[in-house]
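In what follows, a single structure is set out as structure tokens and then discussed.
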Amino acid sequence: MPNTSKQHSESDLDPNPNYTGRFAPSPSGQLHFGSLVTALASYLDAKHCHGRWLVRMEDIDEPRCIAGTDTAILHSLEAHGLQWDGEVMYQSQQHSRYQEVVNALLHHQQAYYCSCTRKMIKAMGGTYNGHCRDKGLTPSNDQLAIRLKLDTELAPFTDLIMGEVSAPHQKLAGHKVEKQRVEDITIKRRDQLFSYNLVVVLDDVFQGVTHVIRGCDLIDVTPLHRCVHQSLGYQPLEYGHVPVAAIAPGRKLSKQNHATPIDNTTALENIVRALHFLGFDEVKRQDFNSIDSLLSFAISLWNRKKVVKTPEIIVPQHESTYYSVP
Ligand code: GLU
Ligand code: ZN
């Protein structure tokens, strides 16, 4: 077993018994190399800090979910030794809790009904301008969307891994940039689906999550999530984003991009590759004969400072273990 003492002294993370982290896959596709990287990073960060690691199935957008994918994901996590703490939470079973929050927000005039169509929002320049805020609309025959009043600004934040992240700006004509207005986001859609930007915040709070380690594809939406947290009166969380695996610039590995489901029979190799991807090149496959020994080594080795600070890394297709060409 390689010596870990040097790495220990390089990492400045103290054990934190209050730490709760989570992995929140959408069961719209099986675990692939990119989602394994995210799962592993959030697991290692939690376990390095002596914290809990939860799994939440983000099946809120039910039409996009595929039956049986949740069990396949859980099976893959187990095959890779990524054992979660407690019960797996399913968003599809939380509707009454979400509805209670929405009702309370409507009751306190923190949320309101909105009848604006996509076409109208396009005519506003693409950002919703608060058109229905003071209209006092009530649901009639038409299904209306529900929006959350947001009066705070998108603020920069310090990412646990990527460092300082500025709030998104709007590019105007003549290379001018201006602070992006936060629009009153939809929290329940016209088709009655609760929106992801609401439930992700509610669930993290409900599950007592303290640290969110996830892919850089969500780094731009984090200022908004922090803003929603704040406007609902919750304490902000810590966020850290790891590089996403992509097949070409801007095309992250995903079911749409023909990502191959991870092969559970090569779990050790997969974890070693995921560690290399994250920047831990010193891990050698031949030094380990079990997932448990590899994971305990990786837990002690984990160091946020060592994670590659690039939002996206292109993975090679040649071994055809990452994705297949259609
Ligand atoms: N369910 C999201 C996804 O699979 C992740 C959301 C999150 O980690 O906050 O992309
Ligand atoms: Zn409106």
Side-chain angles (χ1 to χ4, degrees), residues 20-32 34-43 45-46 53-62 64-66 69-70 73 77 88-92 111-124 127-139 142-149 159 161 183-190 194-207 209 211-226 228-229 237-242 244-245 252-257 259:
T20 301
R22 50 55 160 197
F23 174 55
S26 310
S28 54
Q30 295 187 34
L31 204 71
H32 53 72
S35 36
L36 176 70
V37 166
T38 311
L40 179 68
S42 63
Y43 174 86
D45 199 75
W53 186 67
L54 312 178
V55 171
R56 175 169 80 229
M57 282 295 158
E58 299 216 312
D59 55 352
I60 191 70
D61 198 350
E62 285 176 62
R64 296 184 55 195
C65 297
I66 301 169
T69 309
D70 57 330
I73 293 174
L77 291 175
V88 175
M89 187 214 256
Y90 283 77
Q91 288 184 327
S92 56
Y112 61 90
Y113 289 97
C114 168
S115 60
C116 295
T117 58
R118 254 179 223 192
K119 205 171 151 194
M120 287 166 72
I121 294 168
K122 215 173 157 195
M124 295 169 196
T127 309
Y128 173 74
N129 65 7
H131 186 256
C132 297
R133 244 192 191 212
D134 304 312
K135 280 192 166 176
L137 294 178
T138 47
D142 276 345
Q143 296 282 28
L144 301 181
I146 300 174
R147 288 186 183 267
L148 178 66
K149 284 186 189 168
D159 189 274
I161 290 166
E183 60 177 18
D184 289 347
I185 56 155
T186 304
I187 52 175
K188 194 170 183 188
R189 298 178 354 192
R190 228 172 235 276
F194 294 97
S195 82
Y196 164 70
N197 288 329
L198 174 72
V199 300
V200 69
V201 167
L202 295 183
D203 287 344
D204 282 336
V205 172
F206 182 73
Q207 294 190 284
V209 170
H211 293 69
V212 173
I213 304 292
R214 59 185 180 183
C216 268
D217 51 324
L218 290 163
I219 202 165
D220 286 344
V221 85
T222 300
L224 177 66
H225 290 168
R226 295 181 77 250
V228 173
H229 263 269
L237 311 181
E238 299 277 8
Y239 289 89
H241 293 83
V242 296
V244 291
K252 74 163 183 160
L253 208 57
S254 66
K255 197 179 78 181
Q256 290 71 25
N257 286 332

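Only this structure's heavy atoms are used, side chains among them; waters, hydrogens and symmetry mates stay out. One-based numbering, in listed order, for ligands and for the atoms of each.
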For atom 4 (O) of ligand 1, find the nearest protein heavy atom and state the residue, atom name and distance (0.1 Å precision). Ser26 OG, 3.2 Å
Atoms of ligand 1 less than 4.0 Å from Glu58 heavy atoms? 1 (N), 2 (C), 5 (C), 6 (C)
At a non-hydrogen distance cut-off of under 4.0 Å, which region of Leu218 contacts ligand 1 (side chain, backbone, both, or neither)? side chain
Taking atom types as modelled and ignoring hydrogens, do the side chains of Gln207 and Arg56 form a donor-acceptor contact shorter than 3.5 angstrom? yes
Below the 3.5 angstrom mark, is there an N/O of Ala24, backbone or side chain, next to an N/O of ligand 1? yes
Should you measure from each heavy atom of Arg214, which atoms of ligand 1 turn up under 4.0 Å away? 7 (C), 8 (O), 9 (O)
What atoms of ligand 1 come closer than 4.0 angstrom to any heavy atom of Val200? 9 (O)
The Zn ion (ligand 2) as vertex, arms to SG of Cys114 and SG of Cys132: angle to 10°? 130°
Protein contact to atom 7 (C) of ligand 1 [nearest heavy atom, distance to 0.1 Å]: Arg22 NH1, 3.2 Å
Against ligand 1, does Tyr196 come closer than 4.0 Å with any heavy atom? yes
Point-to-point distance, once rounded to the nearest 0.5 Å, from CZ of Phe23 to CD of Glu58: 9.5 Å
Atom NE2 of His229 with >12 non-hydrogen neighbours under 6.0 angstrom: yes
Of the backbone and side-chain N, O or S atoms of His131, does one lie nearer to the Zn ion (ligand 2) than 2.8 Å? no
CZ (Arg64) with more than 12 external heavy atoms under 6.0 Å: no
